[in-house]
Colleague: 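I am attaching a structure below and will ask some questions about it afterwards.
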Amino acid sequence: MRRWPSPATRTGSSCCGSCARSTGPPASPWSSTRLAVERTCLHPDGHWQRTPDDPSVDAALLLPGVRGALPAADPRTRATLAACRREPAEDHFLYRLRHDERPLEEAEGAFVLCGFVMALAEHQQGRTAEDRWFERNRGACGASGLYAEEFDIAQRRLRGNLPQAFVHALLLETAARLGE
């Protein structure tokens with residue numbers, strides 16, 4: 001069975017984060033999940049990697065830090081943010097991951113949801129770049145104001161499922177958080 005740390009990291013670390021803040025006995029199932037993920041899915045550079053045998057960065061792995069499962073100051077949170085800025089990003093749009101050696105835009109569109117997550121992650125770190133991430137992704141809607149899950153940067157058009165409720169929800173959350 002292949003381990004996929006992205007869901008395990010999001011789910012397990014969220015539960016571990018909650019358990020770490022509780023005053024009761026430790027929740028051993030989540031503690032063991034967290035330890036397994038940390039042992040097998042942490043890249044030598046310190047960022048979360050996609051799977052134990054795939055060292056690539058996955059923008060979905062920004063979520064544990066954004067959602068509070070890991071502290072903003074955690075070195076893994078910061079390293080994952082830095083890795084996302086370097087690898088699957090282009091012109092303040094964020095691709096979820098690099099599929100292969102092709103240019104990012106040939107494999108898929110930029111994930112608008114990930115762009116808003118990046119804005120939240122930058123905001124959490126106290127950086128001023130969050131406005132640029134937010135504005136670029138806010139502008140990636142269709143003429144009707146609806147968002148798809150992906151945006152084709154080169155052709156400036158929507159790709160993927162439309163409308164995408166998760167993108168709309170994160171747009172509202174990001175706008176509210178940046179406005180605080």
Colleague: The criterion is salt bridge (Lys or Arg N to Asp or Glu O under 4.0 Å); which residues satisfy it with Arg138, sequence neighbours excluded?
Modeller: Glu135
Colleague: Please list, chain by chain and in numerical order, all residues satisfying side chain to side chain contact (heavy atoms under 4.5 Å, CB included) with Leu170, sequence neighbours excluded.
Modeller: Arg67, Leu113, Phe116, Val117, Leu120, Glu173, Thr174
Colleague: Quick check on the hydrophobic clustering: are Leu171 and Leu162 connected, directly or via other members, by side-chain heavy-atom contacts under 4.5 Å?
Modeller: yes
Colleague: Using the side-chain hydrogen bond (donor to acceptor under 3.5 Å, both in side chains) criterion, which residues pair with Glu108? Sequence neighbours excluded.
Modeller: His99
Colleague: Are the side chains of Ile153 and Tyr95 in touch, meaning some heavy atoms are under 4.5 Å apart?
Modeller: yes
Colleague: Going by heavy atoms in the side chains, are Gln49 and Ser56 under 4.5 Å from each other?
Modeller: no
Colleague: Is the backbone of Pro71 close enough, under 3.5 Å, to the side chain of Thr77 for a donor and an acceptor to pair up by distance?
Modeller: yes
Colleague: For the NE2 atom of His47 and the CG atom of Asp58, what is their distance to the nearest 0.5 Å?
Modeller: 11.0 Å
Colleague: Not counting sequence neighbours, which residues clear side chain to side chain contact (heavy atoms under 4.5 Å, CB included) with Ala169? List them please.
Modeller: none
Colleague: Hey, what do you get for CG (Leu61) to SG (Cys114), rounding to the nearest 0.5 Å?
Modeller: 10.0 Å
Colleague: For Asp74, which residues count as a side-chain hydrogen bond (donor to acceptor under 3.5 Å, both in side chains) partner, sequence neighbours excluded?
Modeller: Arg76
Colleague: Hey, what do you get for SG (Cys41) to CG (Asp53), rounding to the nearest 0.5 Å?
Modeller: 9.5 Å
Colleague: Could you work out, with side-chain hydrogen bond (donor to acceptor under 3.5 Å, both in side chains) as the rule, every residue matching Asp131, not counting sequence neighbours?
Modeller: none
Colleague: Do the side chains of Val57 and Leu42 join up, straight or via other hydrophobic residues, at under 4.5 Å, putting them in one cluster?
Modeller: no
Colleague: When the side chains of residues 87-94 are checked against the rest of the protein, which donor-acceptor pairs come out under 3.5 Å, sequence neighbours left out?
Modeller:
unit_1	atom_1	unit_2	atom_2	d
Glu87	OE2	Arg98	NE	2.4
Asp91	OD2	Arg136	NH2	2.6

Colleague: Quick one: pull up CD in Gln164 and SG in Cys141 and give me the separation to the nearest 0.5 Å.
Modeller: 14.0 Å
Colleague: Could you state whether Phe166 and Val112 fall into the same hydrophobic cluster, counting links through intermediate Ile, Leu, Val, Met, Phe, Trp or Tyr residues with side-chain heavy atoms under 4.5 angstrom apart?
Modeller: yes
Colleague: With sequence neighbours excluded, what pairs up with Arg78 under the salt bridge (Lys or Arg N to Asp or Glu O under 4.0 Å) test?
Modeller: none
Colleague: Looking at side-chain heavy atoms only, is the closest gap between Leu62 and Leu81 below 4.5 Å?
Modeller: yes
Colleague: Just to verify, what does Gln155 make a side-chain hydrogen bond (donor to acceptor under 3.5 Å, both in side chains) with, not counting sequence neighbours?
Modeller: Arg157
Colleague: For Glu122 and Arg85: C-alpha separation, side-chain torsions, deciding distance, then whether side-chain contact (heavy atoms from CB on, under 4.5 Å) applies.
Modeller: CA-CA 10 Å; Glu122 293 280 16; Arg85 270 192 229 111; 2.8 Å; yes
Colleague: Checking His168 now: which residues fulfil side chain to side chain contact (heavy atoms under 4.5 Å, CB included) with it, not counting sequence neighbours?
Modeller: Leu146, Tyr147, Pro163
Colleague: If you define the side chain from C-beta out and look only at heavy atoms, does anything of His123 sit under 4.5 Å from Trp133?
Modeller: no
Colleague: With sequence neighbours excluded, tell me which residues meet side chain to side chain contact (heavy atoms under 4.5 Å, CB included) with Ala175.
Modeller: Phe134
Colleague: Verify, without hydrogens or angle tests, whether Glu149 (side chain) and Arg159 (backbone) share a donor-acceptor contact under 3.5 angstrom.
Modeller: no
